[in-house]
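Numbers here simply count residues along the sequence, with the first being 1.
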Amino acid sequence: MGQKVALYCRVSTDDQSCERQERDLVAFAQRAGYEVVGIWKDVGSGIKTDRSERKKVMALAQDRRIEGIIVTELTRWGRSTMDLIQTLQQLQAWGVSLKAQTGLDFDLSTPQGKMMASVMAALAEFERDLLSERIRSGLATAKAKGKQIGRRVGQRVKADRLGPKVLELKEQGCTYRQIARKLNISKNTVTDIVKRHRQTESQDAGAF
């Protein structure tokens, strides 16, 4: 038998079908002599993070139950350039290649695969820089228009709600770390609640 592969399909909306992708991938695998262990299909946009079927394919790769993943094109697999690079690095560590019908073969054990990964890594860094630049530009524009940036002063909904419980646990002798773990909040949040409580007590005492 040939190399064990998983076929992965994705469409963007519920009114679309993976039928054409599935048909093309099966035919491609047969011509190449691959052993298809299964077909996984997701429905969701390219930026959707919860791809349950892709996670299953990655789990197969991690368990070394497949040697390759085949997609019709890379946009069906990667949510972004950064996501593509991250998953490629994981697949490389597990010895699994990613193949596209378009002819791109991301087998990072080969010189060609390493070269393509280097190019994609450079593009991912460029994409991160562009995103950071857009965020900074957007914040600057919003600030210039007088819009509130970030959380409003004094707006600590979760901290205010859990404040009494934090103080109660502190009185019982619990450490900040224990309190954070019990209430499922960060240690910094616990510290901030206690600090603000002490400041309030100090101000009240000074008023007399």
Would you call the rings of Y8 and W77 parallel, tilted or perpendicular if under 30° counts as parallel and over 60° as perpendicular?
perpendicular
Got Q178 and L169 here, is their nearest side-chain heavy-atom distance under 4.5 Å?
no
Could you grab the distance from atom CD1 of I69 to atom CG of L25, nearest 0.5 Å is fine?
12.0 Å
Is any side-chain heavy atom of T175 closer than 4.5 Å to one of I179?
no
Taking atom CD of Q89 and atom CG of L84, what is their separation to the nearest 0.5 Å?
10.0 Å
T189 side chain to I185 backbone, donor-acceptor under 3.5 Å:
no
Using side chain to side chain contact (heavy atoms under 4.5 Å, CB included), reason through I70 and L98 one step at a time and then give a plain yes or no.
CA-CA 6 Å; I70 304 179; L98 177 65; over 6 Å; no
In this structure, CG of L7 is separated from NZ of K41 (nearest 0.5 Å) by 10.5 Å
So, for I66 and V5, which heavy atoms are closest and what is the spacing to 0.1 Å?
CG2-C, 4.4 Å
I would like to know whether Q172 and E168 meet side chain to side chain contact (heavy atoms under 4.5 Å, CB included); could you show each step before the answer?
CA-CA 6 Å; Q172 293 174 6; E168 179 184 342; 3.4 Å; yes
Heavy atoms only: give me the nearest L74-A100 pair and the separation to one decimal.
CD2-CB, 4.2 Å
For V71, is there any backbone N or O sitting under 3.5 Å from a side-chain donor or acceptor partner on R76?
no
Is there a donor-acceptor pair closer than 3.5 Å between any side-chain N or O of R198 and the backbone N or O of I193?
no
Donor-acceptor pair, Q16 side chain versus S12 backbone, under 3.5 Å?
yes
Using the rule given for side chain to side chain contact (heavy atoms under 4.5 Å, CB included), can you reason through Q101 versus E73, listing the C-alpha separation, both sets of side-chain angles and the distance that settles it, and then say yes or no?
CA-CA 6 Å; Q101 274 189 279; E73 54 190 37; over 6 Å; no
Within 6.0 angstrom of E171 CD, more than 12 heavy atoms from elsewhere:
no
Quick one: does Q21's side chain have a donor or acceptor within less than 3.5 Å of a partner on R10's backbone?
yes
Measure the shortest side-chain to side-chain distance between K4 and R65 over non-hydrogen atoms and say whether it is less than 4.5 angstrom.
no
Side-chain (E35) to main-chain (Q3) donor-acceptor, under 3.5 angstrom
no
Over all heavy atoms of both residues, which pair between A6 and V57 is shortest? Give the atoms and the distance, please.
CB-CG1, 4.1 Å
Mind checking whether E67 and V96 have side chains closer than 4.5 Å, heavy atoms only?
no
Could you tell me the separation between the OG1 atom of T72 and the CD atom of E22, rounded to the nearest 0.5 Å?
12.0 Å
Heavy-atom donor-acceptor pair, D42 side chain to C9 backbone, under 3.5 Å:
no
Any donor and acceptor pair, going by atom type alone, linking the side chain of R64 with main-chain N or O of W94 inside 3.5 Å?
yes
Take R54 and D83 through the test salt bridge (Lys or Arg N to Asp or Glu O under 4.0 Å) and record every step on the way to the result.
CA-CA 12 Å; R54 194 182 80 155; D83 175 69; 2.8 Å; yes
Distance-only, no hydrogens or angles: does the R20 side chain make a donor-acceptor pair with backbone N or O of C18 under 3.5 Å?
no
